[in-house]
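See structure below.
Just so it is clear, the structure is predicted and the values come from calculations on it, not from any experiment. Convention: sequence-line order gives letters A, B, ...; per-chain numbering from 1.
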There are 2 protein chains.
Amino acid sequence: MELDQIDIRILRQLQADADIATNRLADMVGLSPSACLRRVTKLRRDGVIARTVAIIDPALVGRPLTAVITLEFALHGPSHRQEFIEKVRKLSAVRQCFMVTGEVSCVLTLHMRDMDEYLALTDELFNSDPNVEWFRTYISVQTVKDDPGVAF
Amino acid sequence: MELDQIDIRILRQLQADADIATNRLADMVGLSPSACLRRVTKLRRDGVIARTVAIIDPALVGRPLTAVITLEFALHGPSHRQEFIEKVRKLSAVRQCFMVTGEVSCVLTLHMRDMDEYLALTDELFNSDPNVEWFRTYISVQTVKDDPGVAF
DNA sequence: TATGAAATATTTCGTTC
DNA sequence: GAACGAAATATTTCATA
């Protein structure tokens with residue numbers, strides 16, 4: 001599944017704004033509407049476009065508190081993390097979770113209602129998990145940039 | 001701009017999948033298509049739905065390397081960060097950038113092509129910026145969760 | 001001011017060239 | 001790719017509550 005320059009232009013546009021009408025998109029990339037739509041359909045089918053979603057303003061839906069948390073596991077290896085991973089996947093306040101190399105094991109980003117929710121979440125995720133050795137919290141005071149996905 | 005339970009249901013659905021037909025969305029939230037569409041239009045106009053975007057698979061567009069970077073500034077205060085912020089905003093490999101409280105000043109997430117791009121980026125962003133005292137890199141080895149925005 | 005049904009306009013899809 | 005009609009979908013209008 002090779003992407004040519006037209007595919008790239010389509011993806012860049014849809015990543016910025018997926019609401020655009022097919023006719024306008026076709027104009028922008030220099031294709032007929034039907035040809036353009038066929039490309040988009042194929043990009044979806046191939047999984048390059050995983051899905052399209054509405055981007056919601058966190059502050060306007062009552063999640064004004066953004067935090068980054070890093071943590072270290074006591075025991076390493078995937079089997080000891082399974083339960084933690086399940087919990088992370090279920091909690092809607094957790095937006096991202098990456099297992100990483102370096103002096104921490106895991107990095108999370110969260111969007112929360114308030115400090116009460118923060119306390120409840122850290123208690124559930126970290127304090128009550130014997131495999132979480134320690135965690136550090138970084139509270140966001142300014143969102144300089146927050147794009148929904150990869151750019152390329 | 002108060003959100004009632006129907007608004008919440010609409011937002012949850014569109015955040016998970018904005019491709020859904022208006023009729024189906026209307027069914028799901030218990031509204032007629034026209035009433036439902038009017039709600040969606042209003043949510044857009046009020047900025048609750050900021051925009052809708054296509055989610056692209058990083059690996060399939062040649063950005064398989066995900067990293068989290070934390071850093072400390074030498075001089076604090078917004079004026080010393082302006083240049084850094086401009087650069088961050090321009091670089092498409094930088095997905096997120098938060099200014100934070102705690103033992104680091106700033107947290108970034110990046111999606112990159114390869115280690116060469118990583119080296120070039122860190123050189124441009126950190127090594128050549130006298131106000132960046134130090135930075136630490138965490139390379140992602142597993143993406144446990146990566147949602148495009150807030151959940152609620 | 002919010003709703004739903006119906007009318008209208010637009011977009012998408014399958015087929016053919 | 002382009003062109004067309006058929007089907008699906010989106011948007012507007014309007015009467016009603």
Side-chain angles (χ1 to χ4, degrees), chain A residues 1-64 92 113 147-152, chain B residues 1-62 147-152:
Chain A
M1 174 233 15
E2 268 310 290
L3 302 177
D4 64 14
Q5 276 313 107
I6 293 181
D7 291 320
I8 301 281
R9 265 185 278 169
I10 289 172
L11 290 172
R12 288 220 170 100
Q13 174 54 44
L14 293 181
Q15 186 173 50
D17 176 14
D19 272 332
I20 186 175
T22 311
N23 285 337
R24 241 169 67 73
L25 181 63
D27 272 353
M28 292 175 91
V29 304
L31 241 47
S32 74
S34 64
C36 181
L37 190 65
R38 223 174 306 134
R39 293 258 194 163
V40 174
T41 306
K42 180 164 161 39
L43 287 167
R44 277 181 203 288
R45 190 164 33 76
D46 292 346
V48 182
I49 298 174
R51 58 199 173 117
T52 102
V53 302
I55 301 301
I56 314 289
D57 186 324
L60 297 183
V61 292
R63 293 267 173 130
S92 74
R113 209 168 304 285
D147 290 339
V150 270
F152 54 98
Chain B
M1 174 233 14
E2 268 311 290
L3 301 177
D4 64 14
Q5 275 312 107
I6 293 182
D7 291 320
I8 300 282
R9 265 184 279 168
I10 290 173
L11 290 172
R12 288 221 170 99
Q13 175 54 46
L14 293 183
Q15 186 172 51
D17 176 14
D19 272 332
I20 186 174
T22 310
N23 283 335
R24 242 170 66 73
L25 180 63
D27 273 354
M28 292 175 93
V29 305
L31 241 46
S32 75
S34 63
C36 182
L37 191 65
R38 222 171 311 129
R39 295 257 194 163
V40 174
T41 305
K42 182 166 160 37
L43 287 167
R44 276 181 204 288
R45 190 165 33 74
D46 292 348
V48 181
I49 299 174
R51 58 200 174 116
T52 102
V53 302
I55 300 301
I56 313 289
D57 186 324
L60 296 183
V61 291
D147 289 341
V150 271
F152 54 98

Side-chain (A:Arg12) to main-chain (A:Phe152) donor-acceptor, under 3.5 angstrom: yes
Rounded interatomic separation in angstrom, taking CZ from B:Arg39 and P from C:dG4: 9 Å
Donor-acceptor contact below 3.5 Å, side chain B:Asp4 vs main chain B:Ile6: yes
Under 3.5 Å donor-acceptor pair, B:Ser34 side-chain atoms to D:dA10 base atoms: no
Nearest-angstrom distance from the residue atom CG of B:Leu37 to C1' of C:dT8: 15 Å
Short side-chain N/O contact from A:Thr22 to OP1 or OP2 of C:dT12, under 4.0 Å: yes
Between P of C:dT10 and CG of A:Asp19, the distance in whole Å: 18 Å
Length of the line joining B:Lys42:NZ and C:dT3:P, which is rounded to integer Å: 11 Å
Nucleotide nearest B:Ala21 (side chain, heavy atoms from C-beta), chosen from D:dT9, C:dT3, C:dA5: D:dT9
Closest contact, heavy atoms only, B:Ala16 versus A:Val53: O-CG1, 3.7 Å
Euclidean distance, atom CG of residue A:Leu31 to atom P of C:dT12 [Å, nearest integer]: 14 Å
Side chain of A:Asn23 - closest among C:dT11, D:dA2, C:dA2: C:dT11
Separation of atom CZ in B:Arg24 from atom P in D:dA8, rounded to whole Å: 15 Å
Presence of salt bridge, B:Asp19 and A:Arg51, under 4.0 angstrom: no
Distance, rounded to the nearest Å, where B:Gln5 contributes CD and C:dA2 contributes P: 18 Å
Length of the line joining A:Arg38:CZ and C:dT15:P, which is rounded to integer Å: 14 Å
